[in-house]
Peer 1: 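Structure provided below as structure tokens; questions to follow.
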Amino acid sequence: MKQLKVLVTGANGQLGRDMVHRLKKNGENVFAFGRKELDITDINRVLIKMKEIHPDVVIHCAAYTDVNMAENKPDQSFLINSYGTRNVATASEQIGSKLVYISTDYVFDGNTSSPYTEFAQTNPLNQYGKSKLAGEQFVRELHSKFYIVRTSWLYGKHGHNFVKTMLTLANEKDSISVISDQIGCPTYTLDLSERISQIIHTDKYGTYHISNTGSCSWYEFAESIFKNKKITIELQQIHSKMFENDTPRPPYSVLGDRALILNGFNKMRNWKDALVAFLSDLENR
Ligand SMILES: NC(=O)c1ccc[n+]([C@@H]2O[C@H](COP(=O)([O-])OP(=O)(O)OC[C@H]3O[C@@H](n4cnc5c(N)ncnc54)[C@H](OP(=O)(O)O)[C@@H]3O)[C@@H](O)[C@H]2O)c1
């Protein structure tokens with residue numbers, strides 16, 4: 001396969017770091033930028049960097065990801081997720097590179113009980129989801145060679161995530177309450193990175209849903225983490241309304257993988273297998 005020159009934004013984030021790791025392992029020529037090296041809200045800097053490096057592909061992982069904080073700071077969330085993405089899309093289109101924009105299951109309202117296809121109606125419930133959807137709209141309007149990759153419930157070695165939080169809480173508490181009325185697909189960042197690193201070698205542009213397969217509630221996810229780690233702890237189911245923060249979240253945000261399959265890519269492995277692999281990777285790091 002031809003070696004690609006790939007620029008990654010948000011390269012110090014949870015997905016960004018595994019994305020860079022996977023690309024390098026695949027032999028790509030990677031230019032990884034965190035916020036300090038490339039603040040995506042500064043369009044001039046973004047244009048200068050793109051022209052300087054002239055990548056074949058831009059993988060845009062930078063985002064404002066604090067869903068609860070975004071409710072109180074919607075402007076910050078729109079500045080980064082929407083206009084920051086506008087800047088990345090404008091600059092990468094100018095130099096003719098492909099663009100991968102990472103989006104989210106939170107563009108949906110969760111008012112369904114079967115997996116969302118890539119063509120399903122969006123209707124975000126919270127400011128984070130709205131700002132990410134606005135980012136998608138900029139990409140569609142401004143770019144001619146894009147892949148919008150919606151994913152969900154990410155966890156990986158780097159950064160904060162649900163798996164690590166559960167393992168930390170298990171060290172501190174005898175009993176934990178976990179939400180049981182939100183259903184989604186937990187996704188290992190290394191698995192997602194692997195699929196993205198395949199897609200960028202094709203001209204199969206468009207919107208993709210890429211998550212590990214299967215589905216569960218946060219409660220079932222926690223149960224599985226503790227079972228795998230052989231941790232004994234009292235787990236209690238709670239409903240989202242009883243949870244202290246009241247940011248609305250979709251009750252059902254399982255992503256169907258029609259685009260992956262119809263475009264000839266392999267199905268992602270089941271979330272339970274991915275979790276086992278992650279817990280083992282975490283132990284062996
Ligand atoms: N986490 C999930 O469960 C989840 C689910 C679905 C979709 N996604 C999407 O997946 C992508 C990656 O998420 P993640 O979990 O890796 O998030 P993350 O760990 O929070 O990483 C995001 C990175 O973006 C950087 N960033 C923030 N503002 C920036 C700016 N103005 N310029 C440049 N970089 C900036 C952050 O840097 P600082 O640390 O310096 O702020 C951080 O390193 C995002 O697009 C997110 O919306 C995430």
Side-chain angles (χ1 to χ4, degrees), residues 12-26 59 61 65 102 104-106 114-116 149-199 208-238 249-250 252-261 265-285:
N12 296 327
Q14 173 171 237
L15 175 63
R17 288 185 66 175
D18 272 349
M19 195 68 244
V20 168
H21 172 77
R22 170 61 58 194
L23 291 165
K24 285 187 173 164
K25 229 176 154 186
N26 288 1
I59 303 184
C61 300
T65 54
I102 312 296
T104 169
D105 55 331
Y106 282 14
S114 57
Y116 281 105
V149 173
R150 295 189 187 128
T151 188
S152 56
W153 296 24
L154 289 183
Y155 63 88
K157 270 190 196 177
H158 312 286
H160 302 291
N161 57 58
F162 184 81
V163 184
K164 288 192 189 172
T165 303
M166 287 300 114
L167 294 175
T168 306
L169 286 177
N171 275 332
E172 296 165 355
K173 298 182 175 225
D174 302 321
S175 157
I176 307 178
S177 301
V178 183
I179 287 176
S180 59
D181 60 350
Q182 286 170 20
I183 313 286
C185 324
T187 302
Y188 185 15
T189 44
L190 262 190
D191 287 8
L192 173 61
S193 304
E194 187 177 339
R195 202 56 86 249
I196 292 173
S197 65
Q198 291 164 351
I199 291 180
Y208 288 85
H209 287 175
I210 312 185
S211 290
N212 284 120
T213 48
S215 63
C216 61
S217 65
W218 291 110
Y219 174 83
E220 289 163 332
F221 190 19
E223 232 179 10
S224 198
I225 295 164
F226 295 133
K227 195 171 156 208
N228 274 295
K229 292 294 290 179
K230 297 188 173 52
I231 293 172
T232 311
I233 187 160
E234 192 189 330
L235 255 190
Q236 286 169 2
Q237 307 190 29
I238 53 163
R249 285 172 164 80
Y252 181 96
S253 60
V254 180
L255 299 173
D257 56 5
R258 181 180 282 167
L260 267 189
I261 303 309
F265 298 104
N266 286 342
K267 225 176 162 54
M268 298 280 280
R269 64 179 154 178
N270 186 272
W271 70 268
K272 287 184 182 168
D273 299 328
L275 177 63
V276 170
F278 169 66
L279 291 172
S280 152
D281 291 349
L282 202 58
E283 259 172 33
N284 300 327
R285 72 173 164 178

Peer 1: Please assess S193 against D18 for the test side chain to side chain donor-acceptor pair (under 3.5 Å), listing each intermediate value before the final yes or no.
Peer 2: CA-CA 7 Å; S193 304; D18 272 349; 5.5 Å; no
Peer 1: If you measure from the Lys or Arg side-chain nitrogens to the Asp or Glu carboxylate oxygens, is any gap between K229 and E283 under 4.0 Å?
Peer 2: yes
Peer 1: Looking at SG of C216 and CD of E223, how far apart are the two atoms once the value is rounded to the nearest 0.5 Å?
Peer 2: 10.0 Å
Peer 1: Once you round to the nearest 0.5 Å, how far does CG of L192 lie from OG1 of T151?
Peer 2: 4.5 Å
Peer 1: Between K267 (side chain) and I261 (backbone), is there a donor-acceptor pair under 3.5 Å?
Peer 2: no
Peer 1: Could you tell me whether the side chain of L190 reaches within less than 4.5 Å of the side chain of H21, counting heavy atoms only?
Peer 2: yes
Peer 1: Decide yes or no for Y208 and F265: does some side-chain heavy atom of the first lie under 4.5 Å from some side-chain heavy atom of the second?
Peer 2: yes
Peer 1: Taking the side chain from S152 and the backbone from C185, do they hold a donor-acceptor pair closer than 3.5 Å?
Peer 2: yes
Peer 1: Just by modelled atom types, is the M268 backbone N or O under 3.5 Å from a matching donor or acceptor in the T213 side chain?
Peer 2: yes
Peer 1: If we ignore hydrogens and angles and just use 3.5 Å, is the side chain of E234 paired with the main-chain N or O of D174 as donor and acceptor?
Peer 2: no
Peer 1: Working to the nearest 0.5 Å, report the span between CG of N212 and NZ of K272.
Peer 2: 13.0 Å
Peer 1: Using a 4.5 Å cut-off on heavy atoms from C-beta on, say whether the side chain of T187 contacts that of L255.
Peer 2: no
Peer 1: Determine, step by step, whether F221 and V163 satisfy the side chain to side chain contact (heavy atoms under 4.5 Å, CB included) criterion, reporting the C-alpha distance in whole Å, the side-chain angles of both residues, the deciding distance to 0.1 Å, and the verdict.
Peer 2: CA-CA 8 Å; F221 190 19; V163 184; 3.6 Å; yes
Peer 1: Please give me the minimum heavy-atom distance between F226 and A170, naming the atom from each residue.
Peer 2: CE2-CB, 3.7 Å
Peer 1: Please indicate whether R269 has more than 12 foreign heavy atoms, meaning atoms of other residues, nucleotides or ligands, lying under 6.0 Å from its CZ.
Peer 2: yes
Peer 1: Step by step, work out the side chain to side chain contact (heavy atoms under 4.5 Å, CB included) result for L275 and Y155.
Peer 2: CA-CA 9 Å; L275 177 63; Y155 63 88; 4.0 Å; yes
Peer 1: Nearest 0.5 angstrom please: S253 OG to I183 CD1, how far?
Peer 2: 9.0 Å
Peer 1: Can a donor-acceptor pair be found, under 3.5 Å and without considering hydrogens, that links the side chain of R22 to the backbone of R195?
Peer 2: no
Peer 1: Could you go through D105 and Y116, starting from their C-alpha distance and side-chain angles, then the distance that decides it, and tell me whether this counts as side chain to side chain contact (heavy atoms under 4.5 Å, CB included)?
Peer 2: CA-CA 9 Å; D105 55 331; Y116 281 105; over 6 Å; no
Peer 1: Do L169 and E172 touch side chain to side chain, with heavy atoms closer than 4.5 Å?
Peer 2: yes
Peer 1: Between the side chain of S224 and the main-chain N/O of E220, is any donor-acceptor distance below 3.5 Å?
Peer 2: no
Peer 1: When rounded to the nearest 0.5 angstrom, what distance separates OG in S211 from CG in D191?
Peer 2: 10.5 Å
Peer 1: Contact between Y252 and P115 at the side-chain level, heavy atoms closer than 4.5 Å - yes or no?
Peer 2: yes
Peer 1: Please check if the side chain of K164 supplies one atom and the backbone of K157 the other of a donor-acceptor pair under 3.5 Å.
Peer 2: yes
Peer 1: Does a side-chain heavy-atom distance below 4.5 Å link L260 with I199?
Peer 2: yes
Peer 1: Is a side-chain donor or acceptor of N161 paired with a backbone partner of G156 at a separation under 3.5 angstrom?
Peer 2: yes
Peer 1: Are side-chain heavy atoms of M166 and V178 found at a separation under 4.5 Å?
Peer 2: yes
Peer 1: Nearest 0.5 Å, what's the NZ-CE distance between K24 and M19?
Peer 2: 12.5 Å
Peer 1: Compare all side-chain heavy atoms of F162 with those of I225 and state whether any distance is below 4.5 angstrom.
Peer 2: yes
